[in-house]
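Reminder, nothing fancy here: chain letters follow the sequence lines and each chain counts from 1.
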Amino acid sequence: MTSPIMAVFAVVVLLPVIAALGAALAPDSIGAWREILSEGRQWALLGRSLALAGGTAALATLLGAVPGVLLALQALPGRRLVVALLVLPLAAPPYVFAVAWMDILSAIPGAGPYGLLPAIWVQALNLFPLVALITMAAGRLRDDSLEDTARLVHGPLRAWLTASAPAVLPAILAGAATVFCLALLSFAVPSLMQVTVYTVEIYTNFSAGLDPAGAIVQAVPLLIIGLAVFGVGERITRARDGALPEPDSQPRPWRLPKCWRVAGLLYCAALVCLALGVPVGALILRALPLSQLDATWSTAKEELATSLLLAATTATFGTLLAGAMALSERSVGKRLYSLGLAGFLVSGPVLGVGLIHTWNHPGLPALMYDNFAIMVIACLARYTAFAHLILRAALRRMPPHLEEAAALAGAGPLKRATGILAPLLRADLLAAWLLFFVLTFNELDVLVLVSPPGWTPLPVRLFTLMHYGPSQIVAALSLLILILGAAATATGMLLWRRFAAYPSPAQKGPNG
Amino acid sequence: MRTIGLMIIVLGLALAGCDTGSNETVVVYTALDEMYSQPILQDFEKETGIEVRAVYDTEAAKTTGLVTRLIAEQDRPRADVFWNNEVAQTILLKNKGITQAYDSPEAATIPDRFKDEEQHWAGFAARGRVIIYNTDLVATPPKSILDFAKPAWKGRGAIAKPLFGTTATHGAALFAAWGEEKTMDFFRQLEKNDVAFLAGNATVRDAVARGDYAIGLTDTDDANGGVLDGHPVKWLFPDQEGMGTLVIPNTVALIAGAPHEEPGKKLIDYLLRPETEARLAAMRSIQIPLKPGVEAPGDVPTLGAIRTMDVTFDEMAAQIEPATEAFGRELNR
C-alpha cells in the first residue's frame, strides 16, 4: 500500500534529480570532473562557498540561539508576539533585504555593498529566525520532573544545563545546519553582492559556457556537502530523541528575574529592528511617495495571484504527500525518502534542467509540463523533504497505542490517519503547510527555468525589475511582499494558537 | 494509503488542465527587458487577436534561463519565437539547430550586416557599448575602452563580468578583432589597474551613479536610464577615432519545430516593422533604429553617426565560447 506513495515520490522528487545528475556521469563530463578535482580555482571556490555558508550559520546561530532558548523556556512575556515578529524576516525573499542593505551599506563611509562579509550579514539576518524557531520547538522536550530533580542538588541554571539543555542544544545545531545548507545553496544574495561561490559559478557556466554538463558537475560538491550536513543533523536529532522521552505534560514556563526578562525582550526587539526595521525603513524611503503602492499593485497583481495560487496549491499537495511519506515510512522502515533532500541540494538551474528532461515529452508528461502543474511539481521536488522531516519527527512523538487500538477496532489506515493522527498533529501539519507556502512563494532559482508562458511568479517579476536597481517600484513591491508575508504570518499564528494545544493522550483518557 | 496516493495523482491531473490557451497563440521567449517588450507584445495581441504568451528574462538569469530552456526543450520546443536583446547567443542557437529559416518581408530593408544570410535571424533596434561616467567625479571622461587600463583610472573603473550578456559579446568582439593574446593581455591590465568586474551592466550603472566608481562600461539603455533617473552621470560612444563602438542589435528568430509556426511568423513580421523600431527608440532605452528612415526622438543616436567596430556577428559568435572560457578561467574568481 506504500507503492503509490513511493511512485509519486520517485516521479515528482527523484526522477528530475536523476535526470539532471545523469549528465554529470556522461562521458563528456570527464573534463569538468578533472577541472573540479585539479584546478586550484575550484578549491578556492569551494573554500569561499563554505566560508559564506559557515559564516552565515555561525552568525545566525549567535543571533538566534538566545531568543530561541528564551522562547523554549517560555521565559518571555508576549511570547506569541515575539515569535510572530521573529518569523517576519523569513516572509520575504532574501534578495529583497539584500537590495535594501546594499543601499544602506553604500551610504556608510568605509563600508561597501559587495563582498563576503556583507553577504554573510544579509543572509544571517534573514535566516536567524530558523535557528530561533527550531530551538523553540525543542522546548516541548523539556521535562519539569527532571529539572526539579536536578534542582535538588544544583542551582537553576546548572539544573537546566544538566536536565534540559540536552533537548535544546541539538535543536540549535539542527537550526545551524539548516541555515548552513540554505546559505550554501543561495544564489541571489551572493550574485547581487558579488561573491563568487558555487551557485553563482553554476549559473555562470550555464550562461557563459553553454556547457550544461560542466554546470551540473559543479552542483555535485554542493549535493555531497549538503547531504553530509543533513546527515549529521539527523544523527544528532535521533540521538536526542532516543535519550529524551516525550514528557507527559507541557513544561511550565521559567520564571526569570525581571531584569533578565526585560533584557531578553530588549534583545529580541533590537534583533527585529536590525533584521526588519532597518531594511524596511530603507525600502520605505526608496518607495516614497507611498501612493506608488497602488501603481505597484496594478503592475504585479497577476504575478502575485500566480504566486499565491502556486504557494497554496504546492503547500496543500506537498503536505499531503509529505504526510503520506511519513506514514508509509513507518511501515516500510526505509530512509529512501531522505533522498528527497537532493531535490533541494542540487542547485535551482540543475533541477530545472532535470525537470525539463523528465517532463517535456509528448503525451501525459506534456500535459503537466505545458501548464501550471509543472511549477507545482518543481516546488514539490525542491521542498517536500523539509515537510517530510517535520511530519516524520511529529509522528515519532506519537504514542503507538492509539493507532493500535483503532486498528484493533477495525479502522483502516486512512481512517486512522484522518481520524486520529491528523487531529493530534494539526499543529505540525500547519507548520509543514506554512513552511511549504513561504518557501514556494519565494522560490526563484528553479521557476525561472520552468515557468510556462503566462504564469510568471512574483519573485521572477521582482528580480526582473531589480535590473533597474533599487527603484521605487522594486522598493514598493518589496514592501507589498512584506505586508503580505506579515498577514500570512499573523494568520498562521492565529491558527497555530488554535491548533497547538499540547496533545496529551494520557491526560485526555480513553474518551478523549 | 493507496487512496491518498491516488488522490494526489488525480488532483495532479486536474491541475494540469489549467490551460487558458485560445485558438491562435504564439509563445515568445524574450530577453529584452519586460518593461520594453511587454507593451509591444500587448499591442501585437490587440492588433492581430493572437494571444501572446511571453516568458521574460530576469536579472538573475541574464538570458541563462531562456537559452538553457531553448536548448533543453530542443526535442519538443515550447517557444515559437526567440526575441533576444543581443546577437551572439542567437547565432549559437542557430548553430545548434534550435532555429529555422524564415525570410520575413519586413527584413528586406534591414542592412545586410544586421541579418543572417541564411534567414535564421534578423536584427533591429540596437544598443551601443558605451562609457558611463559620474559627472561629480570626472571632469574629462576617457574616450576609449583602452583608457580603463591607464594609471589615471586605477581603481576607479567598473565593467560587467565578460561572461554573459552584451559584455560577453563585447569580449568576443575583441577576440575577433584583436585575437586572444592581445585581448587577454588587455583584461589582465584591467585587473592590474583594479577595474572592478561587477555582476551586470545595470550594476555598473548603479555603482557609477552612486559614486562607487568614476567610470564604467555599459549599454546605452542602462546608461540612459541613469541619466533619466536624475543621477549625476553622462555617457559617450568610445573609440570614435579608433576601432569604433560595438553596436549590438536585438535579434528575432523562429524556433525549429515551433508549435505555432504561422503566428510566430506574424510576430516576427510585427517586430521587424519600422514602427516597432520607432517605439523602442522612443522608450527610455533609446534603442538605435537600423532601418533607414525610421523616426526617432532627437536624443536617439543614429546609426550613421556612430563609428562602429569592424567585426561581423558571425566572427563574434565564433569567439563566444573560447572567449568566455578564457575569461572564466582567468577572471571569474
**Report entry** Atom of A:Pro452, atom of B:Val55 and distance for their closest heavy-atom approach
**Finding:** C-CG2, 4.3 Å
Query raised in the report: If we only count heavy atoms from C-beta on, is the B:Lys161 to A:Gln194 side-chain gap below 4.5 Å?
Result: no
Query raised in the report: Can you name the nearest heavy-atom pair linking B:Ala72 to A:His357, along with the distance?
Result: O-CE1, 4.3 Å
**Report entry** Proximal component of A:Pro113, with respect to chain B [non-hydrogen, under 4.5 Å]
**Finding:** side chain
Query raised in the report: Just wondering, are more than 12 heavy atoms of other shown residues or ligands nearer than 6.0 Å to CD in B:Gln42?
Result: yes
Report summary line: When every non-hydrogen atom of A:Asp370 is compared with those of B:Arg53, the smallest separation belongs to O-NH2, 4.5 Å
Query raised in the report: Are B:Asp206 and A:Met102 side-chain neighbours, meaning at least one heavy-atom pair lies under 4.5 Å?
Result: no
**Report entry** Contacts of A:Thr456 that satisfy side chain to side chain donor-acceptor pair (under 3.5 Å) - sequence neighbours left out
**Finding:** none
**Report entry** Any B:Phe197 side-chain heavy atom under 4.5 Å of A:Thr196 side chain
**Finding:** no
Report task. Go through the atoms of A:Leu447 and report whether side chain, backbone, both or neither lie under 4.5 Å from a heavy atom of chain B. Result -> backbone
Query - chain A contact via B:Ala54 - which portion, at a heavy-atom distance below 4.5 Å - result: backbone
Requested in this report: Check each atom of A:Val450 against the heavy atoms of chain B and say whether the ones under 4.5 Å are side chain, backbone, both or neither.
Outcome: backbone
Requested in this report: Could you tell me which of A:Val11, A:Val12, A:Ile356, A:Ile374 has the largest number of non-hydrogen atom pairs under 4.5 Å with chain B?
Outcome: A:Ile356
Report task. For A:Ser451 and B:Arg78, work out which heavy atoms get closest and say how close. Result -> O-NH2, 3.7 Å
Requested in this report: With a 4.5 Å cut-off on heavy-atom pairs, point out which of A:Ala188, A:Ser106, A:Ala107 contacts chain B the most.
Outcome: A:Ser106
Report summary line: Under 4.5 Å to a heavy atom of chain B? For A:Tyr369 that would be both
**Report entry** Donor-acceptor contact below 3.5 Å, side chain A:Asn360 vs main chain B:Arg76
**Finding:** yes
Query - Heavy-atom closest pair, residues B:Arg69 and A:Leu449 - result: NE-O, 2.6 Å
Query raised in the report: So which part of B:Glu73 gets closer than 4.5 Å to some heavy atom of chain A, the side chain, the backbone, both or neither?
Result: both
Report task. Please state whether the side chain, the backbone, both or neither of A:Ala366 comes within less than 4.5 Å of a heavy atom of chain B. Result -> both
Report summary line: Comparing A:Gly352, A:Gly454, A:Pro362 against chain B, the one with the most heavy-atom pairs below 4.5 Å turns out to be A:Pro362
